[in-house]
Amino acid sequence: MSQITITLPDGAQRSYEAGITGGEVASDISKSLGKAALACTVNGEFRDLSRPIEADADLAIHTLKDEPQALELIRHDCAHIMARAVQEIWPDVKVTIGPVIENGWYYDFDREEPFSAEDLEVIEKKMRDIIALRDPVRTEIWDRARAVAHYEASGEPFKVELVGMIPEGEAIRMYWHGDWQDLCRGPHLAHTGQVPADAFKLMRVSGAYWRGDAKNKQLQRIYGTAWRNKQELKAYLTMLEEAAKRDHRKLGREMDLFHMQEEAPGQIFWHPNGWNIYTTLQDYMRRRQRAGGYVEVNTPQVVDRKLWEASGHWEKYQENMFIVEVDEEHAREKAINALKPMNCPCHVQIFNQGMKSYRDLPLRMAEFGSCNRYEPSGALHGIMRVRGFTQDDGHIFCREDQIEAETAEFISFLSKTYQDLGFEGFKVKFSDRPEVRAGSDEVWDKAEAALLSATRAAGIEPELNPGEGAFYGPKLEFVLTDAIGRDWQCGTHQVDFVLPERLDASYIGQDGEPHRPVMLHRATLGSFERFIGILIENHAGKFPLWLAPRQVVVATIVSDADAFAADIVAQLRAAGIRAETDSRNEKINYKVREHSVGKVPVILAVGRQEVEDGTVSMRRLGEKHSKVITVAEAVAILREEATPVDLRH
RNA sequence: GCUGCAGUAGCUCAGUGGUAGAGCGCGUCAUUGGUAAUGACGAGGUCGGGAGUUCAAUCCUCCCCUGCAGCACCA
């Protein structure tokens with residue numbers, strides 16, 4: 001037996017016989033470490049404690065203290081324990097896959113009968129029984145034929161398929177706890193008792209397609225969440241509740257911003273408060289775009305199918321379009337139109353009017369373009385994913401050699417916009433040529449290089465999405481992060497070589513010959529509807545003053561202050577502030593509560609004292625204390641704060 | 001679109017095979033009250049839509065619509 005040297009993370013070295021396991025080393029270091037050990041990392045490879053170490057190695061023993069490894073192991077073992085629990089309760093259920101995901105895991109099962117909420121409780125209880133058994137986890141490497149034969153014999157067709165998907169040369173590893181067995185890459189805990197029995201919870205059941213393909217069989221997926229201890233689980237559940245409190249659908253109702261109803265699924269009825277946010281945002285974008293050298297246009301909603309055929313939408317996008325047929329009986333003519341799902345073909349029509357010269361380029365054309373798309377019913381979600389929406393759309397017609405400068409210009413435009421709207425940072429994703437594409441490799445080379453270098457020049461290193469570009473050109477996607485760390489893809493910037501060709505756009509170059517322009521499709525917010533949803537959730541309804549629909553409420557404490565309040569509101573309105581009085585016959589506590597729930601940023605309370613002194617008691621949303629200042633001071637402060645960010649100085 | 005769940009007063013929700021209840025909100029009256037709910041009284045729904053079973057359906061069955069969660073989709 002040869003001796004090997006094990007080097008621990010602190011640099012300490014220990015000598016053992018070759019073939020010793022990580023678990024044995026842990027026990028040798030100390031009895032308590034031996035107990036606490038969950039798994040180990042050997043020369044950078046995350047492994048089971050039970051695997052022998054044959055040569056000199058760096059070794060790190062993982063315990064519950066190592067958060068990422070511990071969570072990975074716990075969740076992974078939860079997945080297996082859940083699958084075992086399900087098969088022990090319903091032996092005829094077929095197992096498929098059960099990966100670790102953010103905050104937990106899921107496992108997909110094939111079972112005729114749907115799992116019910118009560119079933120989840122039963123499964124959860126069974127899981128705790130399995131954990132209490134403290135069954136050791138055992139592993140073996142099998143050859144492919146044996147694994148296939150085993151799963152065929154045990155009637156697990158999905159596992160047979162999975163074995164077939166494991167690449168040649170990769171070990172086929174089998175795991176057991178108790179008699180239950182699963183195919184798995186590992187690693188796993190040393191025994192089932194290492195899963196904290198009070199720190200996991202089954203969350204929900206849903207359908208999911210086998211291998212993520214809608215053409216395949218639909219399986220039943222059970223989601224669970226698991227943590228290192230009860231406190232972490234509780235913190236996570238509390239966080240979910242907090243996130244639910246900012247749900248834009250709930251706040252939209254509470255703040256009286258909008259509503260939706262079943263006669264118009266996926267479309268929004270904007271109430272005065274919500275429309276105020278919308279127009280404030282649109283006014284802001286319009287000023288920014290004008291300053292950015294865009295010309296604003298507006299194009300038709302209902303457009304003949306001929307244009308969609310020419311643009312390619314009829315062929316590629318028809319499923320998502322609202323088709324409008326006018327029949328002969330009523331109109332004495334037959335016409336098939338479609339509501340526009342995108343603005344680009346219409347913009348090319350404007351570009352195509354008259355002759356364009358190279359001197360006209362780059363031509364930056366913007367439209368707050370209302371579009372309608374027949375989104376699948378299951379995709380609809382509040383005002384975030386709708387069937388009728390308005391994009392802050394724009395198309396830049398330019399020469400190939402202008403792509404880089406225009407891209408840089410747009411990135412700076414977008415970056416300022418996000419900053420103005422209260423978002424700290426954003427990520428950029430770069431998608432390059434897909435397999436099936438239009439345009440020559442040479443043109444793609446140029447376009448990709450231009451996008452990349454413009455992004456890098458802006459000091460941004462994009463995340464690469466190889467092969468994910470549109471068939472007509474490469475694209476950048478801009479993802480912003482909200483106040484609670486969620487990512488939202490909003491902006492987009494796409495190079496398009498195809499549409500100008502299909503719709504025959506051209507300009508006369510310096511050489512007197514016609515040339516094809518390149519089109520850059522770009523949007524900053526994406527759609528107003530979705531972006532406002534994001535804003536609501538980002539601010540939890542507490543909008544900065546300039547965006548808030550109702551900026552100030554002047555609330556009277558006694559009715560003797562009614563006239564004074566009305567006068568203050570008149571002064572505030574004259575200063576351009578959205579203000580209203582609340583002189584209802586209610587107590588000040590009641591009014592403060594109601595307007596706080598309604599997320600009004602500023603309440604000015606006025607009673608006898610204020611009338612006498614010409615002051616107001618200013619209370620900001622969420623603050624406990626109010627401040628007494630003169631009316632003139634209040635107007636001056638609020639005027640400044642209510643000014644849109646881009647107009648301030 | 002697929003799977004599952006849900007749809008009762010403006011909102012949140014309870015409830016029953018014999019035509020329905022609470023809190024908040026709303027209205028009226030009283031109260032003029034200092035920074036997150038003053039009190040009393042009152043109005044308000046035929047229980048998402050359609051069909052069926054039944055002497056009788058909001059409650060059971062079927063179909064449809066809409067919503068929610070996830071999957072798929074997001075050109």
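The figures here come from the full heavy-atom set of this structure, side chains too, leaving out hydrogens, waters and symmetry mates. The structure displayed is predicted, hence computed values, not measured ones. By convention in this document, chain letters (A, B, ...) are assigned in the order of the sequence lines, proteins followed by strands, and residues within each chain are numbered from 1.
- Comparing B:C62 with B:U53, their C1' atoms sit 11 Å apart, to the nearest whole Å.
- When heavy atoms are screened at a 4.0 angstrom cut-off, A:Lys624 is found touching the sugar-phosphate backbone but no base atom.
- Comparing the P positions of B:C60 and B:G17 gives an interatomic distance of 9 Å, to the nearest angstrom.
- Between the CZ atom of A:Arg584 and the C1' atom of B:C29 there is a distance of 17 Å, rounded to whole Å.
- Residues satisfying the side-chain hydrogen bond (donor to acceptor under 3.5 Å, both in side chains) test with A:Glu309, not counting sequence neighbours, are A:Arg305.
- Among the candidates A:Arg221, A:Lys217, A:Lys94, the single residue satisfying the salt bridge (Lys or Arg N to Asp or Glu O under 4.0 Å) test with A:Asp110 is A:Lys217.
- Using a 4.0 Å heavy-atom criterion, one finds that A:Gln318 contacts no nucleic acid atom at all.
- At the heavy-atom level, A:Gln609 lies under 4.0 Å from base atoms of the strands shown.
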Using Watson-Crick and G-U wobble pairs whose two distances are both under 3.5 Å, how do you write the pairing of RNA chain B as dot-bracket, with | for links to another strand? (((((((..((((....[..)))).(((((.......))))).....(((((..]....))))))))))))....

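- Contact annotation: the side chain of A:Glu586 never approaches that of A:Glu594 to less than 4.5 Å [non-hydrogen atoms, C-beta and beyond].
- Each salt bridge (charged side-chain N to carboxylate O under 4.0 Å, His left out) pair with one or both residues in residues 621-630 of chain A, not counting sequence neighbours, would appear here, but there are none.
- Nucleic acid contact class of A:Arg608 (heavy atoms, under 4.0 Å, all strands): base.
- The salt bridge (charged side-chain N to carboxylate O under 4.0 Å, His left out) analysis of residues 604-613 of chain A, with sequence neighbours excluded, yields the pairs A:Asp560-A:Arg608.
- Rounded to whole Å, the separation between the P atoms of B:U16 and B:A6 comes to 15 Å.
- For the pair A:Lys201 and A:Tyr236, the cation-pi criterion (under 6.0 Å, within 45° of the ring axis) is not fulfilled.
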Letter by letter from the 5' end, nucleotides 66-74 of chain B scores (B base, S sugar-phosphate only, - none; protein heavy atoms under 4.0 Å) SSSSBBBBB

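- Here the separation of B:G7 from B:G15, taken at their P atoms, is 11 Å to the nearest Å.
- Between the P atoms of B:G39 and B:U32, the separation comes to 15 Å (whole Å).
- Separation of the C1' atoms belonging to B:G67 and B:A37 is 31 Å when rounded to the nearest angstrom.
- Partner of A:Ile123 under the side-chain contact (heavy atoms from CB on, under 4.5 Å) criterion, chosen from A:Val205, A:Ile81, A:Val86: A:Val86.
- Heavy atoms of A:Glu586 sit under 4.0 angstrom from at least one base atom.
- Across the P atoms, B:G50 and B:C55 are found 23 Å apart, a figure rounded to whole Å.
- For the salt bridge (charged side-chain N to carboxylate O under 4.0 Å, His left out) condition, no pair includes a residue of residues 517-535 of chain A, sequence neighbours left out.
- Among the nucleotides B:G33, B:A36, B:G4, the one closest to the side chain of A:Lys587 is B:G33.
- Remark: A:Asp432 does not engage A:Lys475 in a salt bridge, criterion side-chain N to carboxylate O under 4.0 Å.
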